[in-house]
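For clarity, every value in this text was computed on a predicted model and none was experimentally measured.
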Amino acid sequence: MTAGSGQREKKYLGAVDLGGSKILSVIAQGDGRRLAEDRRSTSAEEGPEVVLDRIIVSLQTALAKAGLQPGDLAAVGICSPGPCDIDAGVVRSAPNLPGWQNVPICQYLEERLGIAARLENDATAAAVGEHVYGAGRGCRHLIYITVSTGIGGGLIIDGRPYRGATGVAGELGHMTVDLHGPLCGCGNRGCLEALASGTAIAARGEEVVAQGGSALLARLAQEQGGLTAETVARAADQGDIACQGIIRRAGYYLGVGLASYVNIFNPEVIIIGGGLAKVGDLLLGPARAEMEARAMPEALKAMQLKLAELGDYAGVMGMVALLREGATA
Ligand SMILES: [Zn+2]
């Protein structure tokens with residue numbers, strides 16, 4: 001073997017977003033350019049061991065598409081839902097991932113791939129992704145809120161991700177906005193998530209159908225064999241008054257939440273991502289109006305409300321940014 005032929009420079013980064021329904025793996029260059037990706041179903045019901053194996057297969061598939069091998073990676077990063085011990089590389093628990101209790105995911109990836117691995121909470125990773133590559137470029141203080149089935153979030157304070165004492169900071173969906181409101185998945189009553197998430201909108205839609213309040217929504221639900229927040233949004237878009245009311249009410253509660261974040265954190269930008277951001281002005285108009293009516297004028301002065309730019313790449317791009325930072329630290 002001639003000198004130098006066996007040693008390729010390790011300049012590529014691997015990033016994985018582990019979600020309740022899908023796994024997204026990306027291979028990127030050091031400058032953040034994505035070279036290849038792999039998407040597949042998590043099939044989380046098969047348990048952690050099978051899912052861990054699937055993560056490796058997904059990464060290897062993305063690597064093969066880029067014409068690379070695990071040895072070409074400088075590092076791999078993974079983001080997971082739920083509380084994570086990022087120093088130990090352990091997923092403490094993960095909603096929507098049955099059986100995930102204290103899973104030492106970094107150790108597993110390092111043993112299987114032979115490269116250093118880093119773990120982050122998915123919403124914090126998404127906040128970092130939007131901060132470095134998306135709608136929050138150039139900002140020092142930003143809040144990222146994702147509104148989809150649930151409501152999650154991540155905080156960037158003074159240019160750094162803020163994780164709190166036990167890595168749970170940024171649970172923006174679990175702020176109480178109605179003392180006597182509906183029960184939330186977290187066990188509390190009247191959380192923002194219980195009033196403004198996709199699940200909450202769908203539940204209100206079911207109530208309206210049961211009360212005979214919208215013939216259009218009832219027909220759409222029957223055609224689809226059930227209804228989701230998207231069904232309610234579709235009916236609202238077609239002029240259904242009851243469904244417009246449901247979306248506006250969710251927007252109102254979202255604005256109540258946003259006003260408190262503005263007063264507490266005094267951010268330069270709040271970035272709204274997640275599937276429901278696509279509903280647009282019908283949801284975000286009332287949210288903005290309520291935020292502006294409630295927040296302190298001084299805190300609002302320099303604040304911009306923006307839509308997320310990276311879509312479902314926010315998490316993996318956040319991991320790429322964190323790995324790059326680790327490489328230069
Ligand atoms: Zn809650």
Participant: Which pair of heavy atoms, one from C186 and one from H174, lies closest together, and at what distance?
Facilitator: SG-ND1, 3.5 Å

Participant: If you round to the nearest 0.5 Å, how far is CG of D17 from OG of S25?
Facilitator: 9.0 Å

Participant: Can you tell me if S197 uses its side chain to pair, donor with acceptor, with the backbone of E193 under 3.5 Å?
Facilitator: yes

Participant: Treating Ile, Leu, Val, Met, Phe, Trp and Tyr as nodes and any side-chain heavy-atom pair under 4.5 angstrom as an edge, say whether V16 and I86 lie in one connected cluster.
Facilitator: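 No, it is not one cluster - the side chains of V16 and I86 are not joined through contacts under 4.5 Å.
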
Participant: Please find the pair of heavy atoms, one from A127 and one from L142, that lie closest to each other, and give the distance.
Facilitator: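 Looking at all heavy atoms of both residues, the shortest contact is O-CD1, 4.4 Å.
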
Participant: Can you tell me if Y133 and R137 form a side-chain donor-acceptor pair at under 3.5 Å?
Facilitator: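 The criterion, which ignores hydrogens and geometry beyond distance, is not satisfied for R137 and Y133.
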
Participant: Is the backbone N or O of M303 less than 3.5 Å from a side-chain atom of E268, with the two atoms forming a donor-acceptor pair by type?
Facilitator: no

Participant: To check you understand the geometry: which heavy-atom pair defines the closest contact between D240 and L216, and what is its length?
Facilitator: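 Closest approach of D240 to L216, heavy atoms only: OD2-CB, 3.7 Å.
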
Participant: Treating R189 as the side-chain partner and G181 as the backbone partner, does any N or O pair qualify as donor plus acceptor under 3.5 Å?
Facilitator: yes

Participant: Around atom CD of E46, are there more than 12 heavy atoms of other residues, nucleotides or ligands at under 6.0 Å?
Facilitator: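 For E46, atom CD is crowded (more than 12 foreign heavy atoms under 6.0 Å).
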
Participant: Identify whether the distance between the nearest side-chain nitrogen and carboxylate oxygen of E120 and R163 falls below 4.0 Å.
Facilitator: yes

Participant: When you measure from the side chain of N121 to the backbone N and O of G82, does any donor-acceptor pair fall under 3.5 Å?
Facilitator: yes

Participant: Any carboxylate oxygen within less than 4.0 angstrom of a Lys/Arg side-chain nitrogen, looking at R219 and E223?
Facilitator: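 Counted as a salt bridge, because a side-chain N and a carboxylate O are separated by less than 4.0 Å.
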
Participant: Do M175 and I143 land in one hydrophobic cluster if side-chain heavy atoms of ILVMFWY residues count as linked below 4.5 Å?
Facilitator: yes

Participant: Within the side chain of K65, is there an N or O that forms a donor-acceptor pair under 3.5 Å with the backbone of A36?
Facilitator: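 Checking the backbone N and O of A36 against the side chain of K65, no donor-acceptor pair under 3.5 Å is found.
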
Participant: Which pair of heavy atoms, one from V128 and one from A321, lies closest together, and at what distance?
Facilitator: CG1-CB, 3.9 Å

Participant: Cut-off 3.5 Å, side chains only: do T61 and S58 have a donor facing an acceptor?
Facilitator: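 No, because no side-chain N or O of T61 sits under 3.5 Å from a partner of the opposite role on S58.
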
Participant: Regarding Q107 and E111, do their side chains bring together a donor and an acceptor under 3.5 Å, going by distance alone?
Facilitator: yes

Participant: How long is the straight-line distance from CD1 of I270 back to SG of C139, given to the nearest 0.5 Å?
Facilitator: 11.5 Å

Participant: Does CD in E45 sit with more than 12 non-hydrogen atoms of other residues, nucleotides or ligands closer than 6.0 Å?
Facilitator: yes

Participant: If two hydrophobic side chains count as joined below 4.5 Å and joins carry through other members, does I264 share a cluster with V256?
Facilitator: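 Yes; tracing contacts between hydrophobic side chains, which count when under 4.5 Å, links both residues.
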
Participant: Surrounding CD of Q238 (heavy atoms of other residues, nucleotides or ligands, distance under 6.0 Å), is the total greater than 12?
Facilitator: yes

Participant: So how far is it from K278 NZ to E230 CD, rounded to the nearest 0.5 Å?
Facilitator: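 It comes to 8.0 Å.
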
Participant: Once rounded to the nearest 0.5 Å, what's the spacing between atom CG of L195 and atom OH of Y253?
Facilitator: 5.5 Å

Participant: Quick check for you: to the nearest 0.5 Å, what is the distance between T199 atom OG1 and R204 atom CZ?
Facilitator: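 Going from the OG1 atom of T199 to the CZ atom of R204 covers 14.5 Å.
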
Participant: Would you check, one step at a time, whether the test side-chain hydrogen bond (donor to acceptor under 3.5 Å, both in side chains) holds for T176 with N188?
Facilitator: CA-CA 8 Å; T176 303; N188 185 29; 3.0 Å; yes

Participant: Do the numbers put R288 on top of the ring of Y252, so that NZ or CZ is under 6.0 Å from the six-membered ring centre and no more than 45° off the axis?
Facilitator: no

Participant: Could D38 and R54 be called an ion pair, given the rule that one side-chain N must be under 4.0 Å from one carboxylate O?
Facilitator: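 R54 and D38: not salt-bridged.
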
Participant: Can you get from I271 to L276 by hopping between Ile, Leu, Val, Met, Phe, Trp and Tyr side chains that sit under 4.5 Å apart?
Facilitator: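 No, I271 does not connect to L276 through the hydrophobic network.
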
Participant: Short question: side chain of Y261, backbone of L172 - any donor-acceptor pair under 3.5 Å?
Facilitator: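 Side chain of Y261 to backbone of L172, a donor-acceptor pair under 3.5 Å: yes, one is there.
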
Participant: In terms of side-chain geometry, is the basic nitrogen of R160 or E325 positioned less than 4.0 Å from the acidic oxygen of its partner?
Facilitator: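 Judged by the 4.0 Å cut-off on N to carboxylate O distance, R160 and E325 do form a salt bridge.
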
Participant: Look at the side-chain heavy atoms of Ile, Leu, Val, Met, Phe, Trp and Tyr, link any pair under 4.5 Å apart, and say whether L192 and F265 land in one connected group.
Facilitator: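 As far as the 4.5 Å side-chain criterion goes, F265 and L192 are connected within one cluster.
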
Participant: Are side-chain N/O atoms of E37 and Y313 paired as donor and acceptor at under 3.5 Å?
Facilitator: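 Yes, a side-chain donor-acceptor pair sits under 3.5 Å.
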
Participant: Which value, rounded to the nearest 0.5 Å, describes the distance between I55 atom CD1 and Q60 atom CD?
Facilitator: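 Those atoms lie 12.0 Å apart.
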
Participant: Taking A236's backbone N and O only, do any of them form a donor-acceptor pair with Q244's side chain (distance below 3.5 Å, no angle check)?
Facilitator: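 Indeed, once roles are kept as given, a pair shorter than 3.5 Å links the two residues.
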
Participant: Tell me whether K11 is salt-bridged to D72, with the criterion being a basic N under 4.0 Å from an acidic carboxylate O.
Facilitator: no

Participant: Which heavy atom in G153 sits nearest to a heavy atom in T146, and how many Å separate them?
Facilitator: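 Smallest interatomic distance, heavy atoms only, reads N-CG2, 4.3 Å.
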
Participant: Which atom pair, heavy atoms only, marks the closest approach of H141 to N266?
Facilitator: CB-O, 4.4 Å

